[in-house]
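Letters A, B, ... mirror the listed sequences (proteins, then strands); counts begin at 1. Keep in mind that the numbers below use all heavy atoms, side chains included, and drop hydrogens, waters and symmetry copies. What you see is a predicted model, and the numbers here were worked out from it, not measured in a lab.
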Number of protein chains: 2
Amino acid sequence: MYKPATIKDIALALKLSPSTVSRALRDGYEISVETKRIVMEYAQKVNYKSNPIALSLKNRRTYSIGIVVPKLANSFFSQAIAGIESIAYEKGYHTIITQTHDSSERERTNVNHLAQRSVDGLLISMSAGTSDYSFLKTLHEDGLPIVFFDRVIDEIDTFKVTSDNFKGAYNATESLIKKGRKKIALLSNAPQLSITNERLSGYMKALADYHVHFRPEYIRNCSKGGNDYEEVEDAVKELLALPDKPDAIFISSDRISISCVRALKHLNFDPKEIAIAGFSNSDVVDLLHPSLSYVRQKAFEMGQIAVEMLLKLIESKYPVTEFETRVLDTELHLVDPK
Amino acid sequence: MYKPATIKDIALALKLSPSTVSRALRDGYEISVETKRIVMEYAQKVNYKSNPIALSLKNRRTYSIGIVVPKLANSFFSQAIAGIESIAYEKGYHTIITQTHDSSERERTNVNHLAQRSVDGLLISMSAGTSDYSFLKTLHEDGLPIVFFDRVIDEIDTFKVTSDNFKGAYNATESLIKKGRKKIALLSNAPQLSITNERLSGYMKALADYHVHFRPEYIRNCSKGGNDYEEVEDAVKELLALPDKPDAIFISSDRISISCVRALKHLNFDPKEIAIAGFSNSDVVDLLHPSLSYVRQKAFEMGQIAVEMLLKLIESKYPVTEFETRVLDTELHLVDPK
DNA sequence: TTGAAAGCGCTAACAC
DNA sequence: GTGTTAGCGCTTTCAA
């Protein structure tokens, strides 16, 4: 293992004290111009880099923030992360990204790992399986700054950013109705998730507003959140095997939208027969066949806002007690099946 | 910010010395069972967690490895990362993921950031734009363990894992020939990349073996690697505007494959008219329209192998001088356009 | 303007 | 079996 130059090394070489070198390097006002010059030059020469670990130990700050998402392969999250990074880097923070694969278990270990590694704060979008939030609550009460994005929870009072899931779902459902569809099924995500219920409400409200009969048998929950294709295909099969089968499906989750498209393709369904609309931030959703209308979330922007909130918490000199929840608009993209 | 319990706190409370507490906590053999019990219990009670920053400072080990990839949104990389994590977590290592967006500039800052944060080693897949490897060379010579995967470079002698890009490209091109196509264009990635040339060779060899005339005007490089859609669409347009226009395209890059599909869709090309085959690890490639045959890389496995190599380097007691380059098979998936 | 010394949390010689 | 001390790299009083 290699050993980078330290302040001590420089001090020794230059016959100065470590403290002088330290001050010179940080351009301290007490140090003479001449000394600074000498120190800087030598530091340059030996390629001195301050050791952030030592700094962290001293300052109890790491200038890194932890990100916990269910799945990197989900475009929504990789877009959100890009947004987070864009701001974080600018402000001199490093990001540590971890994924949970929607496992509550991995979520807990990842979060603890991050907290122990002393990130200055945490950005998290909850896993589908999680119902016990105590590990987060404890950390939060201990003073770890946390901001939730997209998949938020009520149990912890802090900054949050989400999409207007209600309206997104409403608009998508409405678009199906306006296409003349009256028998609209719902493929939904794990019921623990905040977003699942909001989207369900939007769907229901649209049905009600347009006097479309609501049928409980048209609702299917895919509690594995589209991570398990079989689950989605089974749900689609069941829907299409109903005596009075739906003529449209609204899918309230990113990954499940993709799985539903795949299921319809496998089952050889004509998109004209079954119209679909769903949440999706996939960057190829416009190329899918069967095609679908889709609700897009402002993922990048959500990431940016989340990290700005977190930095506010981290950098605040006094404990923050006023928390805001931002709700971002969604965009509906209509696609006519060919 | 909150202040977690330290060894000192425990020592003070229990009227023991810090070293005794330290040893007791790590179940040191010299410590009496009784003392251990007392210490353990008290530690439990105050929720003692060892401070990894202090440990890192002491041990010059962080048990974290840095990952540098061009783009998380690229399925190939998110799959590789999943592979990396699967092994890393198991062995008690933490991963720090960063993306460069194929910018040489961000690559350099990310790598330096990671090296400074004292990761124990680095897994890297090079950005398309990079041609100056000196920053990596320096770190490597200074003793930082580095393993390259997928997009490797010759300039640094260490462990590497890639796919059999030559054969993948050969097989894909061959499949187009076997479909009766004789005018096969090539959409290619940035020429600096190792994989670009290997795939080019595979394409050329297939043409040669089947006595298909090679035409330089059928080759187009998209040096932005599919990050810039316009570039790809222009390339496709140019190809299709040639007097003797191609009847097939082989695309030698993941992201460009997607962009090419999009271009063909925009330009309203019938997949029967232009057959396409390309590298892609997208998890929805089978749902794309126009459809394409695709070469899939063993991304997850590649990640696993890469991290295993890295751990070998990290945990080796002696400097390693024998390096291996593993080459993984690719899988060709044939799709008939409808 | 510069230096000496203490301390962040932990471990490991070396005592006793 | 337990305590003392020094040190990882850095900053920061305090003293000179």
- Task: Write down the distance between CG (L25(B)) and C1' (dT2(D)), rounded to a whole number of angstrom.
- Result: 15 Å

- Task: Give the rounded distance in Å between these two atoms: CD1 of I31(A) and P of dT12(D).
- Result: 13 Å

- So what does S56(A) hit on the nucleic acid, given a heavy-atom distance under 4.0 Å: a base, only sugar-phosphate, or nothing? nothing

- Heavy-atom closest pair (E155(A) atom, K137(A) atom, distance to 0.1 Å) is O-CE, 3.6 Å

- Between dT11(C) (C1') and I53(A) (CD1): distance, integer Å: 16 Å

- Query: Do the rings of H113(B) and Y89(A) sit parallel, tilted or perpendicular, given the 30° and 60° boundaries?
  - Reply: perpendicular

- Note on the structure: Residue set satisfying side chain to side chain donor-acceptor pair (under 3.5 Å) with D102(A), at least two apart, ordered chain then number -> R151(A), N227(A)

- Message: Counting C-beta onward and ignoring hydrogens, is there a side-chain heavy-atom pair between F135(A) and E107(A) closer than 4.5 Å?
- Response: yes

- Query: In terms of side-chain heavy atoms, does R26(B) have a donor or acceptor partner in S22(B) at a distance below 3.5 Å?
  - Reply: yes

- Describe, as an angle rounded to 10 degrees, how the axis at the first end of the helix from dT1(C)-dA16(D) to dC16(C)-dG1(D) is tilted relative to the axis at the last end, five pairs per end. 50°

- Got a sec? Which of residues 41-51 of chain B come in under 4.0 Å of DNA chain D, heavy atoms? none

- Item | Carboxylate-amine/guanidinium contact E105(A) R108(A), below 4.0 Å | yes

- Give one of base, sugar-phosphate or nothing for S22(A), where a contact means two heavy atoms less than 4.0 Å apart. base

- Item | Side-chain N,O (R26(A)) to OP1/OP2 (dC10(D)) below 4.0 Å | no

- Message: Hydrogens and angles aside, do T62(B) and D120(B) bring a side-chain donor and acceptor to less than 3.5 Å of each other?
- Response: yes

- Message: Rounded to whole Å, please give me the gap between NZ in K8(A) and C1' in dG7(C).
- Response: 14 Å

Report all interatomic pairs (protein N or O, nucleotide N or O of nucleotides 4-6 of chain D) with separations under 3.5 Å.
{"residue": "dT4(D)", "atom": "O4", "partner": "S19(B)", "partner atom": "OG", "Å": "2.9"}

- Message: Could you tell me how far apart R60(B) (CZ) and dA12(C) (C1') are, to the nearest whole angstrom?
- Response: 15 Å

- Does the side chain of I84(A) come within less than 4.5 Å of Q304(A)'s, by heavy atoms? no

- Query: Taking only side-chain nitrogens and oxygens of K36(A), does any of them come within less than 4.0 Å of OP1 or OP2 of dT1(C)?
  - Reply: no

- Note on the structure: K15(A) NZ to dT1(C) C1', in whole Å, measures 19 Å

- Item | Minimum heavy-atom distance between Q192(A) and Y133(A), given as atom pair plus value | O-OH, 4.5 Å

Report all side-chain donor-acceptor pairs from residues 42-49 of chain B shorter than 3.5 Å, counting only partners two or more places apart or in another chain.
{"residue": "N47(B)", "atom": "OD1", "partner": "K49(B)", "partner atom": "NZ", "Å": "3.4"}

- Not counting sequence neighbours, which residues clear side-chain contact (heavy atoms from CB on, under 4.5 Å) with D132(A)? List them please. S134(A)

- Task: Tell me which of N59(A) and L57(B) sits closer to the 5' end of DNA chain D, going by the nucleotide each one is nearest to.
- Result: L57(B)

- Which of parallel (below 30°), tilted (30 to 60°) and perpendicular (above 60°) describes F149(B) and F77(B)? perpendicular

- Message: In this structure, how many angstroms lie between the P atom of dG7(D) and the CD1 atom of I7(A), rounded?
- Response: 18 Å

- Task: Starting from C1' on dC8(C), measure out to CG on L55(B) and report it in whole angstrom.
- Result: 13 Å

- Message: Check the phosphate of dT2(C) against S32(A), side-chain N and O only, distance under 4.0 Å to OP1 or OP2. Yes or no?
- Response: yes

